[in-house]
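One structure is given below, encoded as structure tokens.
Lettering follows sequence order; numbering is per chain, from 1.
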There are 2 protein chains.
Amino acid sequence: MPRKRASPLKSAPSVPTTSGREVDYGPLNTRLGYGLRRAQIAIFADFFVTFAAVDIRPVQYSILTIIEQNPGLFQTQVADSLGIKKTNFVAMIVALEKRGLVKRVPLEHDKRSYGLYLTDQGAALMPELHGLASAHEARIIERIGAETHAALFAPMKAIAAL
Amino acid sequence: MPRKRASPLKSAPSVPTTSGREVDYGPLNTRLGYGLRRAQIAIFADFFVTFAAVDIRPVQYSILTIIEQNPGLFQTQVADSLGIKKTNFVAMIVALEKRGLVKRVPLEHDKRSYGLYLTDQGAALMPELHGLASAHEARIIERIGAETHAALFAPMKAIAAL
DNA sequence: TGATTTGGTTATGCTACATAACTTTATTGG
DNA sequence: CCAATAAAGTTATGTAGCATAACCAAATCA
């Protein structure tokens, strides 16, 4: 089945081209923020390619995964857990709902809020997504080695709590 | 009809608030792209705070640093070295020029291009910027330790070349 | 010299992420 | 009990980042 052609101008972040001339990066070589940014851009580019066929973006994968692991969470809780403002989360969750991957179930005891759940279709999609993510992850591990890969999570988490 | 205006000034990316409820991140815990993104957001938030007084963004600091280290580079070369599209680079360099930090010197032997240089004002500002960046970096090192910090650059670079 | 390439620019559009203000429903304190 | 306040969700809006297409002028190539 031909997946929907991704909307008009949806393109992957490009990985920078190596310029012709030698450039001295000076202090940038020891700025972790700079290195992290460049690494993250490359990872996202690979993620886009990997997930192109299913038309899922990193943030969508993260939302779906949180809902899968924590069915029934409120919008605000999912948004908070991912560091997304609730105002910006609305459009994201509506889009996933329209695609039939997520459903918002009104709560009886609190008429303001919804519980978020994967639809059957959404739940059925997750194994494929996790498979793609694993393949993507494997490509990174191939680059830096399994041990280095494993060693990165602790410092990243510590930095995230900065 | 027209809501009341919004136009706030440039604001720093916010660091996510820890939600009240425990959330299971599932496979996200072993997705480096996710960890990297969260870490990078936190670092940028700290950078914003650190550089608020001088009103310099991460990308601006990187541009200024490249020009400082490599005076005379073309716009395209600076843009390429930082992974910025030349079309998007125009506005950035114009802004820095308007602020009097950078000058574009027309070349005699190639009337299409400019050589980029720091102005005296720009050059005078750099020590302060590097000082702020060092303080910012020190905060990260304090979090993860100097050895870990130093060990991160190699894998980040390898990933960036993915 | 005509064709192609290169440096720089403008126009345009989408996504991410920020704040302000609003509605509806819950909660709370006097 | 009820008025004040808080919380969940929504809409409106503004900016930065990054993408493509189309273009000019100057250099280079065949």
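Dashed line: the shortest gap from a side-chain N or O of B:Gln75 to OP1 or OP2 of C:dT9 is under 4.0 Å. Listed pair A:Thr76 / D:dA7 fails the phosphate criterion, with no side-chain N or O lying under 4.0 Å from OP1 or OP2.
One axis for each end of the helix from C:dT1-D:dA30 to C:dG30-D:dC1, each built from five base pairs, and the angle between them comes to 20° at 10° resolution.
Mapping A:Val59 and B:Val94 onto DNA chain C via the closest heavy atom, the residue that lands nearer the 5' end is B:Val94. When each of B:Val90 and B:Arg37 is assigned the nucleotide of DNA chain C bearing its nearest heavy atom, the one mapping closer to the 5' terminus is B:Val90.
The aromatic rings of A:Phe47 and A:His136 sit perpendicular to each other, their planes meeting at more than 60°, with 30° as the lower class boundary. Ring orientation note: the planes of A:Phe153 and A:His149 are nearly perpendicular, at an angle over 60° on the 30°/60° scale. Using cut-offs of 30° and 60° on the angle between ring planes, the pair A:Tyr61 and A:His130 is perpendicular.
Across D:dA12, C:dC17, D:dC18, the shortest atom-to-atom separation from the side chain of A:Thr87 is found for D:dA12. Across C:dA18, D:dC18, D:dT10, the shortest atom-to-atom separation from the side chain of A:Arg104 is found for D:dT10. In the set D:dT10, C:dA16, C:dT9, the nucleotide with an atom closest to the side chain of A:Arg57 is C:dA16. When distances run from any side-chain atom of A:Phe74 to the nucleotides D:dC18, C:dG8, D:dA8, the shortest one goes to D:dA8.
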side-chain contact (heavy atoms from CB on, under 4.5 Å) assessment of A:Arg143 paired with B:Leu162
CA-CA 8 Å; A:Arg143 269 270 166 185; B:Leu162 197 67; 3.3 Å; yes
Are B:Thr76 and B:Phe89 close enough, and set up right, to give a side-chain contact (heavy atoms from CB on, under 4.5 Å), and what steps lead you there?
CA-CA 8 Å; B:Thr76 306; B:Phe89 190 74; over 6 Å; no
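The distance between atom CZ of A:Phe89 and atom P of C:dA18, rounded to the nearest whole Å, is 15 Å. Nucleotide C:dG8 holds its C1' atom 12 Å from the CD1 atom of B:Ile93, rounded to whole Å. To the nearest angstrom, C1' of D:dC18 lies 11 Å from CZ of A:Phe48. Between the NE2 atom of B:His109 and the C1' atom of D:dT28 there is a distance of 14 Å, rounded to whole Å. When rounded to the nearest whole Å, the span between CG of A:Leu116 and P of D:dG9 equals 7 Å. One can place CE of A:Met92 at 8 Å from C1' of C:dC17, the figure rounded to the nearest angstrom. The interatomic distance linking A:Ile84 (CD1) with C:dA16 (P) rounds to 9 Å, in whole Å. Counting to the nearest Å, the C1' atom of C:dA26 and the CG atom of A:Asp110 are 7 Å from each other.
Backbone-only engagement by B:Tyr114 is indicated by non-hydrogen atom pairs under 4.0 Å involving sugar-phosphate atoms exclusively. B:Lys86 comes within contact range of at least one nucleobase, with a heavy-atom separation under 4.0 Å.
You won't find any donor-acceptor pair under 3.5 Å spanning the side chain of A:Arg112 and the base of C:dT24, going by distance alone.
The two atoms that bring B:Tyr34 and B:Leu28 nearest to each other are CD2-O, 3.7 Å, heavy atoms only.
B:Asp24 CG: more than 12 foreign heavy atoms inside a 6.0 Å radius.
The backbone N or O of B:Leu132 sits nowhere less than 3.5 Å from a side-chain atom of B:Thr50 that would complete a donor-acceptor pair.
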